[in-house]
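One structure is given here, and the rest of the page talks about it.
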Amino acid sequence: MCGITGWVSFHHDARTRAPVIEAMTATLTPRGPDAGGVWLGEHAAIGHRRLAVIDLAGGVQPMTDRPDRPTAVLSYSGEVYNHHALRAELRGRGHRFDTRSDTEVVLRAYAEWGEDVADHLEGMFALAVWDACAQRLVLVRDRLGVKPLFWAAVDGGLAFASEPKALFAHPEIRPEVDADGLREAYSLLFNTGPTVWSGVREVEPGGVLVLDRDGIRERRYWQLTAGTHDDDQDATVERIRELVGAAARSQLEADVPLCSLLSGGIDSTVLTALLAGELRLREGPDARIRSYAVDYSDQAERFTGDVLRTGHDTPYATEAGAFIGTDHSTVVLDPRALLDPEHRRAVVVARDSPIGVGDMDTSLYLLFGQIRRHSTVALSGEAADEVFGGYPWFHNPKALAAPAFPWLLVTGDEAAMPLNPELDLRIGEFRKDTYRSALAAVPHLDDENPVEHRQREMQHLSLTRWLRQLLHRKDRLSMAQGLEVRVPYCDHRLVEYAFTTPWALKSFDGREKSLLRAAGTGLAPDSVLHRPKNHYPATHHPAYNRGLQNMARDALATEQVRALADESLVKPCLDTPPDRLEWGHRLRLERVVDLALWLDHYRPELAL
């Protein structure tokens with residue numbers, strides 16, 4: 001896992017601007033603490049920071065196809081899990097290899113297939129290839145958008161990077177925010193393409209962007225499609241188990257210590273059990289995988305349920321770890337660590353965005369920091385809810401009937417948007433227009449009944465929008481600690497199969513994630529298999545609420561925050577007794593605090 005950056009300009013000689021590419025690359029050092037390098041050509045500058053995971057000695061980047069007068073230069077982030085099979089295929093086509101890294105496989109694959117290289121890659125990746133012969137830059141992003149890739153125009157071309165902060169190290173790109181950017185950020189619609197930053201865009205998940213002397217062109221090489229499903233219930237469950245198992249096995253390779261995130265929910269427990277079983281097959285019956293969970297001080301005594309959380313995770317995670325046979329650890333955090341201004345600032349800088357989820361982001365960042373002391377790679381159960389229909393909105397009649405993005409009704413996030421009404425962002429109108437466009441993009445079968453039709457919409461919205469912000473969160477906060485997180489449930493073959501599976505099969509036992517529960521039988525304790533869906537935990541400690549209120553008061557004392565935030569919406573949250581502060585109102589305070597930190601760090605130009 002790494003950080004990539006660079007630019008191409010047909011108007012300037014990049015060889016005279018080494019300090020610029022070096023500065024851009026340096027901003028990504030947390031993503032790649034092990035090594036860094038740059039390459040300069042007449043019209044292209046390419047940078048790379050490396051977190052060494054496979055072939056520690058041989059995977060140095062930027063990688064060129066030959067040492068003198070290269071015709072292709074690659075900067076690549078991620079992991080390609082089918083690199084062994086691709087290497088064999090490419091050798092059969094006459095290619096020679098000098099390393100055993102997946103990086104070289106990607107480079108030789110580009111030489112063989114050009115812009116169509118992504119069709120042959122399985123994994124999570126963001127890559128940039130400067131093709132000197134064709135005088136073109138090719139940017140490619142994995143199918144689900146696990147790895148980020150941003151770009152912005154510069155004179156005569158464009159600049160690209162794993163994170164916007166690297167773009168801002170280029171002298172032509174300034175951190176500027178306009179009304180469109182605030183609307184994108186605070187509407188919580190998670191569009192792919194636009195960002196909070198004016199002029200900064202994302203390469204679409206499953207997308208290819210090509211820049212040459214004729215300009216920029218973009219296309220999708222992969223997207224969800226509606227298809228028929230011929231398997232009965234037993235065959236579907238067996239196929240799900242095969243696909244989840246294959247994804248888990250393929251992502252277990254690493255030349256560095258590896259672990260699993262084990263929350264005590266069905267997603268992470270099934271995944272961890274599969275990983276542990278495979279590890280014992282490879283290394284012997286005594287092999288044990290490390291597993292980690294997060295908790296908060298006094299959580300067992302202070303836990304109170306809400307719309308997203310039904311119980312305390314730690315007992316289930318401990319039971320799951322014992323059942324599977326992992327070396328399990330629980331990282332316990334107290335309010336002081338969660339309120340520490342330096343920790344919160346580090347999180348905001350990692351995200352490059354004012355939009356987060358407060359203590360849940362800070363705790364994840366601190367959890368990853370503890371894990372990184374022992375492991376370089378972690379596997380996570382992210383995306384199972386999107387794939388198998390685990391969220392409340394798949395089952396909530398009100399959400400199913402509403403003409404709106406479902407998470408806005410279920411999570412209460414609408415009540416957490418303290419934007420100044422004088423900005424006149426027309427977020428309500430923007431949400432309605434975006435929702436219509438989002439539904440128009442959903443593929444359907446001609447003979448779908450109304451239930452199947454609506455559930456396909458729900459799954460498409462979840463996989464193409466809601467999942468986007470979860471993957472961003474996990475990537476940014478893990479890479480800020482130099483930790484690679486892999487997400488087997490994002491395997492595109494599993495996603496494709498589940499998307500074409502009828503809702504009647506996805507909910508055959510009348511509950512959420514029916515298929516995963518059936519496929520996971522025997523892999524997890526019954527208590528875990530049958531517990532209700534539980535979201536990532538938040539602290540319930542009054543000392544945290546009290547500290548958050550104080551931080552929000554300080555934030556509102558700054559002029560820029562008052563210009564953007566609606567004080568009338570925040571004041572009731574400040575006046576509520578800390579032990580009675582509801583989660584949605586607390587999130588409103590979190591957003592004010594993060595806004596202040598973001599404004600202070602980036603000093604953005606506000607073109608409102």
Review point. Hey, are Arg431 and Glu429 close enough for a salt bridge, meaning a charged N less than 4.0 Å from a carboxylate O?
Key: no
Review point. Between Lys506 (side chain) and Thr501 (backbone), is there a donor-acceptor pair under 3.5 Å?
Key: yes
Exercise for review: Ignoring hydrogens and angles, state whether a donor on the side chain of His541 or Gln299 is under 3.5 Å from an acceptor on the partner side chain.
Suggested key: no
**Study point:** Stepwise side chain to side chain donor-acceptor pair (under 3.5 Å) check, Trp222 with Glu496
**Key:** CA-CA 11 Å; Trp222 182 89; Glu496 289 170 344; 2.5 Å; yes
Exercise for review: Starting at NZ of Lys474, measure out to SG of Cys490 and round the result to the nearest 0.5 Å.
Suggested key: 10.0 Å
**Study point:** Pair Arg465, Asn191: side-chain N/O donor-acceptor within cut-off below 3.5 Å
**Key:** yes
Practice item. Could you check if a side-chain atom of Arg141 sits within less than 4.5 angstrom of a side-chain atom of Lys147, using non-hydrogen atoms only? Key: no
Review point. Is a donor on one side and an acceptor on the other found under 3.5 Å between the side chain of Arg344 and the backbone of Thr362?
Key: no
Check your understanding: Taking all non-hydrogen atoms of both residues, which atom of Leu409 and which atom of Ala402 are closest, and how far apart?
Key -> CD2-CB, 3.4 Å
Check your understanding: Are the side chain of Asp142 and the backbone of Gly123 linked by a donor-acceptor contact shorter than 3.5 Å?
Key -> no
**Study point:** Pairing of Arg183 and Asp180 as salt bridge, 4.0 angstrom limit
**Key:** yes
**Study point:** Under 3.5 Å donor-acceptor, Trp503 side chain and Phe394 backbone
**Key:** no
**Study point:** Check: Leu364 and Leu367 side chains under 4.5 Å, non-hydrogen atoms
**Key:** yes
Exercise for review: Ignoring hydrogens and angles, tell me if any N or O in the side chain of Arg517 forms a donor-acceptor pair with the backbone of Leu529 under 3.5 Å.
Suggested key: yes
**Study point:** Side chain proximity check, Ile371 to Gln481, heavy atoms < 4.5 angstrom
**Key:** no
Point to revise | Interatomic spacing from OG1 in Thr272 to CZ in Arg290 - rounded to 0.5 Å | key: 14.5 Å
Study note, to complete from the structure: One should read off an interatomic distance between Asp352 CG and Thr195 OG1, to the nearest 0.5 angstrom, of 9.5 Å
Check your understanding: So, Glu319 versus Ser527: side-chain donor-acceptor pair below 3.5 Å or not?
Key -> yes
**Study point:** Asp295 backbone acceptor or donor facing Asp313 side chain under 3.5 Å
**Key:** no
Review point. Quick check: does any side chain N or O of Ser268 sit under 3.5 Å from a backbone N or O of Ser263, one acting as donor and the other as acceptor?
Key: yes
Review point. Taking all atoms of both residues into account, what is the closest heavy-atom pair of Pro488 and Arg486, and its distance?
Key: CD-O, 3.5 Å
Check your understanding: Taking the side chain as C-beta and beyond, is there a heavy-atom pair between Arg31 and Ser162 under 4.5 Å?
Key -> yes
Practice item. Using the test side chain to side chain contact (heavy atoms under 4.5 Å, CB included), find all partners of Asp447 that sit at least two apart in sequence or belong to another chain. Key: Leu445
**Study point:** Evaluation steps, ring-ring contact (aromatic ring centres under 6.0 Å, His included), between His535 and Tyr391
**Key:** CA-CA 9 Å; His535 287 255; Tyr391 288 119; 5.6 Å; yes
Exercise for review: Side-chain contact test, heavy atoms from C-beta onward, threshold under 4.5 Å: evaluate it for Arg288 versus Thr326 and give yes or no.
Suggested key: no
**Study point:** Heavy-atom side-chain proximity of Pro194 to Arg201 below 4.5 angstrom
**Key:** yes
Practice item. State plainly whether the residues Arg239 and Asp231 are in salt-bridge range, i.e. N to O under 4.0 Å. Key: no
Practice item. Please tell me if the side chains of Asp475 and Val146 come closer than 4.5 Å, counting only heavy atoms from C-beta onward. Key: no
Check your understanding: Do you know the tightest heavy-atom contact between Ile324 and Thr269?
Key -> CD1-O, 3.6 Å
Exercise for review: For Arg220 and Glu204, indicate whether the former's side chain and the latter's backbone hold a donor-acceptor pair under 3.5 Å.
Suggested key: no
Practice item. Please round to the nearest 0.5 Å and tell me the distance separating atom CG of Asp491 and atom CD of Glu122. Key: 7.0 Å
**Study point:** Candidate pair Leu379 and Leu275, rule side chain to side chain contact (heavy atoms under 4.5 Å, CB included), full reasoning
**Key:** CA-CA 9 Å; Leu379 286 98; Leu275 295 169; 3.8 Å; yes
Check your understanding: Stepwise, does the side chain to side chain contact (heavy atoms under 4.5 Å, CB included) test hold for Leu470 with Glu386?
Key -> CA-CA 11 Å; Leu470 296 179; Glu386 289 81 1; 3.3 Å; yes
Check your understanding: Residues in salt bridge (Lys or Arg N to Asp or Glu O under 4.0 Å) with Arg282, at least two apart?
Key -> Glu278
Practice item. Using a cut-off of 6.0 Å, state whether more than 12 heavy atoms not belonging to Glu218 lie near its atom CD. Key: yes
Exercise for review: Return the minimal non-hydrogen interatomic distance between Glu590 and Gly358, and the atom names on each side.
Suggested key: OE1-CA, 3.2 Å
Revision key, fill the gap. Heavy atoms of Val377 and Ala254 approach each other most closely as CG2-CB, 4.4 Å
Exercise for review: Compute whether any side-chain donor of one residue and acceptor of the other, for Glu202 and Thr192, lie under 3.5 angstrom apart.
Suggested key: no
Check your understanding: Regarding Arg143 and the six-membered ring of Tyr221, is the cationic atom NZ or CZ under 6.0 Å from the ring centre and inside 45° of its axis?
Key -> no
**Study point:** Pair Lys533 + Glu512, salt bridge at N-O below 4.0 Å
**Key:** no
Study note, to complete from the structure: dist Ile266:CD1 -> Asn534:CG (nearest 0.5 Å) comes out at 13.0 Å
Review point. What about Phe405 and Trp466, are their ring centers closer than 6.0 Å?
Key: no
Review point. Hey, does Leu121 have a side-chain heavy atom less than 4.5 Å from the side chain of Leu86?
Key: yes
**Study point:** Distance under 6.0 Å and angle within 45° of ring axis: Arg531 vs Tyr316
**Key:** yes
Check your understanding: Centres of the Tyr497 and His229 rings: under 6.0 Å?
Key -> yes
Review point. Any cation-pi pair here, Arg456 with Phe499, using under 6.0 Å and within 45°?
Key: yes
Revision key, fill the gap. What one should report as the nearest heavy-atom pair of Thr464 and His460 is OG1-O, 2.6 Å
Revision key, fill the gap. Rounding to 0.5 Å, atoms CG (Leu252) and OH (Tyr81) come to a distance of 11.0 Å
**Study point:** Main-chain N/O of Gly390 paired with His395 side-chain donor or acceptor, under 3.5 Å
**Key:** no
Exercise for review: Give a yes or no answer on whether the side chain of Arg454 reaches the backbone of Leu400 with a donor-acceptor pair at less than 3.5 Å.
Suggested key: yes
Check your understanding: So, Ser462 and Trp393: side-chain donor and acceptor under 3.5 Å apart, yes or no?
Key -> yes
Check your understanding: Under 3.5 Å, is there a donor-acceptor pair linking the side chains of Tyr292 and Ser260?
Key -> no
